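Fair warning: this is a prediction, and the values are worked out from it, not measured in the lab.
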Amino acid sequence: MFSNGRKTIGLLIFNTYADFQSEICQSMAERAEELGYNLAIIACYGSYGTYQEYYQGEMMIFDLPSYDEFAGIVIAFDTFNIPAAKDRVLEHIQEKADCPVVSLRERLVGVSNILIDEDRSMEGVIRHIIEDHGKKDIAFMTGHQGRYDAEARLRCFRKVMDKYGLPVNDHRIFYGDFWRGKAKEACEWFGQEGQYPEAIVCANDYMALSLIDELYERGVRVPEDVLVTGFDGVEEGVVYNPSLTTLHVDFKQMAYAAVDLIHKHQDDGQIEDVYVSTKVVIRESCGCLERGHSSTIAQRCAQHKFGARSENLEMQLSFMAIDFNQVSSIEEMHQVIAKYIYNIENIKNYVICLREDVEENKVKFRGYPDTMHVRTAIRERLDMGEVDIPFERRLLLPEEMNSDEPQCYFFYPIHFQDSCYGYEAYSFLNHESCGTAYVRWTIAVSNAIHNILSQKRMNDLIVELENMYIQDVLTGLYNRRGFEKYGRMQFSKARARDSIICVVGIDLDGLKPINDIYGHHEGDSALRAVGYAIQEAAVQGQIGARIGGDEFEVIFPCRDRDDVKNWIRVFEESLDNFNQKSQKPYDVHASWGYKIGIPTANDTIESYMNESDDIMYKNKVANKLRRNEALR
């Protein structure tokens with residue numbers, strides 16, 4: 001894996017751009033490099049709406065790596081928002097992996113776990129509210145009911161409240177979603193008894209921030225009327241107004257511990273659990289700091305700059321999507337990528353790896369084949385131009401994209417709904433940028449490939465329909481419409497260039513007796529024999545057609561009559577060979593006539609056809625008389 005001779009650790013995670021995920025990626029990359037490991041971060045953006053086909057496309061990325069080649073696997077299941085993806089990953093690990101496995105923040109049986117000390121996780125901030133602020137009426141907003149961390153944090157809350165002899169009634173406990181979707185319901189629940197609690201402790205920061213927003217909508221001030229605290233220490237909580245008092249979890253410690261466990265248990269197969277404690281971070285939402293305290297100013301300035309940059313990035317990605325609309329082939333995509341790639345901060349390498357059969361006329365593509373192809377490559381920040389580099393999928397990347405030092409690459413799926421095209425892989429100049437990912441970038445790339453393939457299928461269909469319109473299905477030659485279109489073009493070209501052209505009129509002799517005596521299927525066989533003879537005699541620039549019934553026309557450029565005589569010789573030899581080998585109860589013969597010359601301004605393809613047909617009919621009569629004489 002990575003073909004540089006180093007062992008590789010796999011990190012399986014969703015949404016690497018979020019605070020927890022980003023810090024885990026950065027810290028694991030840092031520690032893996034220190035210990036000499038490669039790091040492959042297998043990730044996707046996760047659920048969107050209720051589109052099951054989209055979910056299937058996202059989950060396919062976890063089928064990409066060869067699990068039996070990992071030196072260790074770290075899984076962050078609490079970031080997975082597609083439940084079926086967990087089952088798929090566990091199935092791969094159980095069936096194929098033979099290495100240390102570490103679970104982050106969620107206990108799994110049979111593997112090592114890096115866990116928050118949930119029994120005491122909420123204790124610090126609750127004590128702070130009770131002891132330092134003298135609050136007694138305290139509510140708790142936890143996560144999904146039945147989820148381990150949500151229930152454990154609720155138990156911790158109840159235990160601390162009980163220790164201080166403070167009652168907790170039903171309307172002081174609310175099950176949220178660990179996200180932003182339950183703030184309105186929570187406020188209605190907490191306020192049902194006529195007044196809000198003095199303080200609301202939330203089991204994560206996102207619920208706390210959305211709760212403050214909802215309280216302000218209702219005219220309730222934080223912290224003046226209600227204190228609100230969170231858990232995790234996400235960056236948004238620092239720049240929010242008021243900045244959020246929270247419990248900080250040392251994600252870097254968790255990431256380092258995960259890599260260290262893999263390194264420690266490389267060969268002994270032992271499992272081990274590591275617990276990480278929390279630390280109270282005092283800010284404005286509990287009333288300890290004044291608004292606009294100096295500890296938050298720098299972060300808010302940085303956030304303002306980030307917001308301005310993000311606005312510009314959104315504009316750039318919009319223009320990238322527009323530019324992709326002008327791209328008509330996968331080969332051209334690298335030009336647009338090279339133009340916009342520097343909007344991904346500190347990007348070092350970027351590749352688009354596609355299935356080897358991606359340009360075949362298929363509606364659906366499933367999974368990843370054994371061979372992949374790099375079709376766009378930015379290496380060391382330089383565009384490698386139009387490339388097609390095949391490599392074994394198990395390596396994840398071709399040798400050209402690797403070096404001897406430890407590598408850290410992110411892998412995100414490229415798909416349209418549940419049709420898997422391949423994946424993108426990228427690495428950064430420094431660990432601080434690890435985790436940077438842009439949903440709109442990946443969607444733009446996926447949509448561009450989908451549009452290219454859809455347009456190709458449409459063009460192929462148009463060609464197929466056109467061929468059906470201008471092709472004689474029986475012989476494979478053009479039909480009358482095809483001959484009128486392409487034959488006329490060939491004739492006009494000869495007239496414009498003052499070059500010699502030949503038009504040959506051909507008639508299958510005796511088609512009616514063959515049909516009457518042996519059946520129409522044998523008549524069709526005779527017609528195909530003539531069509532094959534025309535194709536066997538073909539020269540460059542030839543247009544051959546069955547223009548109706550037993551009539552054929554051929555036009556081709558030539559130098560002199562010897563070329564035409566040679567064409568007729570090959571044509572007749574083909575029919576003779578058919579008669580000798582076919583074992584048919586009849587022979588196939590054809591009469592021909594031709595007109596050769598340099599077309600003048602007064603000549604038309606019809607005039608040449610008429611002259612060749614006149615000669616052909618004379619030959620047809622002569623051939624019939626000759627064959628009748630031979631039968632006597």
Undergrad: Between N349 and Y409, is there a side-chain donor-acceptor contact under 3.5 Å, judged purely by atom types and distance?
TA: yes
Undergrad: If we ignore hydrogens and angles and just use 3.5 Å, is the side chain of Q417 paired with the main-chain N or O of H415 as donor and acceptor?
TA: no
Undergrad: Write down the atom of C420, the atom of G367, and the distance for their closest heavy-atom approach.
TA: SG-O, 3.5 Å
Undergrad: Mind checking what makes salt bridge (charged side-chain N to carboxylate O under 4.0 Å, His left out) contact with E611, not counting sequence neighbours?
TA: K595
Undergrad: Quick one: does any side-chain atom of R355 pair with a main-chain N or O of P369 as donor and acceptor, under 3.5 Å?
TA: no
Undergrad: Suppose we screen for ring pair (Phe, Tyr, Trp, His ring centres under 6.0 Å). Which residues come up paired with F552, at least two apart in sequence or across chains?
TA: none
Undergrad: Using the ring of each side chain (for Trp, its six-membered ring), is F365 parallel, tilted or perpendicular to Y421, with breaks at 30° and 60°?
TA: perpendicular
Undergrad: Spell out, as yes or no, whether a donor-acceptor pair under 3.5 Å connects the side chain of S427 to the backbone of K348.
TA: no
Undergrad: Just by modelled atom types, is the Y340 backbone N or O under 3.5 Å from a matching donor or acceptor in the Q316 side chain?
TA: no
Undergrad: Kindly indicate, with the supporting measurements, whether the criterion side-chain contact (heavy atoms from CB on, under 4.5 Å) is fulfilled by D560 and I596.
TA: CA-CA 8 Å; D560 49 35; I596 181 174; 5.6 Å; no
Undergrad: Under the 3.5 angstrom rule, does the side chain of R379 hit a backbone N or O of E400 as a donor-acceptor pair?
TA: yes
Undergrad: Taking the side chain as every heavy atom from C-beta outward, state whether L354 and H373 have any atom pair closer than 4.5 Å.
TA: no
Undergrad: How long is the gap from SG on C353 to CD1 on I414, to the nearest 0.5 Å?
TA: 7.5 Å
Undergrad: Applying ring pair (Phe, Tyr, Trp, His ring centres under 6.0 Å), can you list everything that pairs with H450, at least two apart in sequence or on another chain?
TA: F416
Undergrad: Taking V570's backbone N and O only, do any of them form a donor-acceptor pair with S574's side chain (distance below 3.5 Å, no angle check)?
TA: no
Undergrad: Check whether any side-chain heavy atom of Y586 sits under 4.5 Å from a side-chain heavy atom of S525, and report yes or no.
TA: yes
Undergrad: Kindly state whether the ring of F483 and the ring of Y478 have centres lying under 6.0 angstrom apart.
TA: no
Undergrad: Between V89 and F80, does the side-chain contact (heavy atoms from CB on, under 4.5 Å) criterion hold? Intermediate values first, please.
TA: CA-CA 11 Å; V89 167; F80 281 43; 4.0 Å; yes
Undergrad: Taking atom types as modelled and ignoring hydrogens, do the side chains of D576 and Q580 form a donor-acceptor contact shorter than 3.5 angstrom?
TA: no
Undergrad: For a 4.5 angstrom cut-off between non-hydrogen side-chain atoms, does V539 reach D563?
TA: no
Undergrad: Give the C-alpha distance, both sets of side-chain angles, the deciding distance and a yes or no for side-chain contact (heavy atoms from CB on, under 4.5 Å) between F324 and M333.
TA: CA-CA 7 Å; F324 270 141; M333 285 188 65; 3.8 Å; yes
Undergrad: Is a side-chain donor or acceptor of R6 paired with a backbone partner of D404 at a separation under 3.5 angstrom?
TA: yes
Undergrad: What pairs of residues pass the salt bridge (Lys or Arg N to Asp or Glu O under 4.0 Å) test when at least one of them lies in residues 438-450, not counting sequence neighbours?
TA: E314-R440
Undergrad: Given ring pair (Phe, Tyr, Trp, His ring centres under 6.0 Å), test Y532 with F578 step by step and report yes or no.
TA: CA-CA 10 Å; Y532 180 80; F578 175 83; 8.8 Å; no
Undergrad: Compute whether any side-chain donor of one residue and acceptor of the other, for Y350 and E424, lie under 3.5 angstrom apart.
TA: yes
Undergrad: Going by salt bridge (Lys or Arg N to Asp or Glu O under 4.0 Å), name the pairs with one or both residues in residues 329-343, residues two or more places apart or in two chains.
TA: D323-K339, E331-R375
Undergrad: Are the side chains of M616 and E551 in contact, using a 4.5 Å heavy-atom criterion?
TA: no
Undergrad: Does a side-chain heavy-atom distance below 4.5 Å link N451 with Q455?
TA: no
Undergrad: Test your reading of the model: is there a side-chain donor-acceptor pair from N566 to the backbone of D562, 3.5 Å cut-off?
TA: no
Undergrad: Checking K364 now: which residues fulfil salt bridge (charged side-chain N to carboxylate O under 4.0 Å, His left out) with it, not counting sequence neighbours?
TA: D418
Undergrad: Just so I know, are the side chains of M59 and K86 near enough to count as touching, which here means a heavy-atom distance under 4.5 Å?
TA: no
Undergrad: Under the ring pair (Phe, Tyr, Trp, His ring centres under 6.0 Å) rule, collect the residues that match up with H589, sequence neighbours excluded.
TA: none
Undergrad: Looking at CD1 of I555 and OG of S612, how far apart are the two atoms once the value is rounded to the nearest 0.5 Å?
TA: 9.5 Å
Undergrad: With under 30° as parallel and over 60° as perpendicular, where do the rings of Y608 and F491 fit, or are they tilted in between?
TA: perpendicular
Undergrad: For Y45, is there any backbone N or O sitting under 3.5 Å from a side-chain donor or acceptor partner on Y17?
TA: no
Undergrad: Nearest 0.5 Å, please: how far is CD in Q407 from CG in N38?
TA: 6.0 Å
Undergrad: Any side-chain to backbone donor/acceptor pair from N402 onto F2? Under 3.5 Å, distance only.
TA: yes
Undergrad: Would you compute the distance between atom CG of N619 and atom CZ of R626 and round it to the nearest 0.5 angstrom?
TA: 9.5 Å
Undergrad: Taking only residues two or more places apart in sequence or in another chain, which ones pass side chain to side chain donor-acceptor pair (under 3.5 Å) with H334?
TA: D383
Undergrad: Take I352 and V445 through the test side-chain contact (heavy atoms from CB on, under 4.5 Å) and record every step on the way to the result.
TA: CA-CA 9 Å; I352 294 176; V445 170; 3.7 Å; yes
Undergrad: In this structure, are over 12 heavy atoms from other groups packed under 6.0 Å from E573 atom CD?
TA: yes
Undergrad: Quick check: do F411 and I41 have side-chain heavy atoms less than 4.5 Å from each other?
TA: no
Undergrad: Rounded at 0.5 Å granularity, tell me how far CG in L527 sits from CD1 in I514.
TA: 8.0 Å
Undergrad: Please name all residues satisfying salt bridge (charged side-chain N to carboxylate O under 4.0 Å, His left out) with E522, sequence neighbours left out, ordered by chain then number.
TA: K584
Undergrad: Who are the salt bridge (charged side-chain N to carboxylate O under 4.0 Å, His left out) partners of R561, not counting sequence neighbours?
TA: none
Undergrad: Fit a plane to each ring of F428 and F410, take the angle between them on a 0 to 90° scale, and name the class: parallel (under 30°), tilted (30 to 60°) or perpendicular (over 60°).
TA: perpendicular
Undergrad: Output yes when R394 and E69 qualify as a salt bridge under the 4.0 Å nitrogen-oxygen rule, no when they do not.
TA: yes
Undergrad: Are L11 and T16 close enough that some pair of their side-chain heavy atoms sits under 4.5 Å apart?
TA: no
Undergrad: Taking only distance into account, with no hydrogens and no angle test, what donor-acceptor pairs under 3.5 Å do side-chain atoms of residues 495-512 form with protein atoms, sequence neighbours excluded?
TA:
{"residue": "R495", "atom": "NH1", "partner": "D603", "partner atom": "O", "Å": "2.5"}
{"residue": "D507", "atom": "OD2", "partner": "K620", "partner atom": "NZ", "Å": "3.3"}
{"residue": "D509", "atom": "OD1", "partner": "S591", "partner atom": "OG", "Å": "2.9"}
{"residue": "D509", "atom": "OD1", "partner": "K620", "partner atom": "NZ", "Å": "2.9"}
{"residue": "D509", "atom": "OD2", "partner": "S591", "partner atom": "OG", "Å": "2.9"}
{"residue": "D509", "atom": "OD2", "partner": "R627", "partner atom": "NH1", "Å": "3.0"}
{"residue": "D509", "atom": "OD2", "partner": "R627", "partner atom": "NH2", "Å": "3.3"}
{"residue": "K512", "atom": "NZ", "partner": "D516", "partner atom": "OD2", "Å": "2.7"}

Undergrad: Over 60° means perpendicular and under 30° means parallel, so tell me whether W592 and Y594 are parallel, tilted or perpendicular.
TA: parallel
Undergrad: Can you tell me which residue pairs pass the side chain to side chain donor-acceptor pair (under 3.5 Å) test with a partner in residues 541-550, sequence neighbours excluded?
TA: D472-R546, Q542-W567
Undergrad: Between CG of N479 and CD1 of I470, what distance do you get to the nearest 0.5 Å?
TA: 7.0 Å
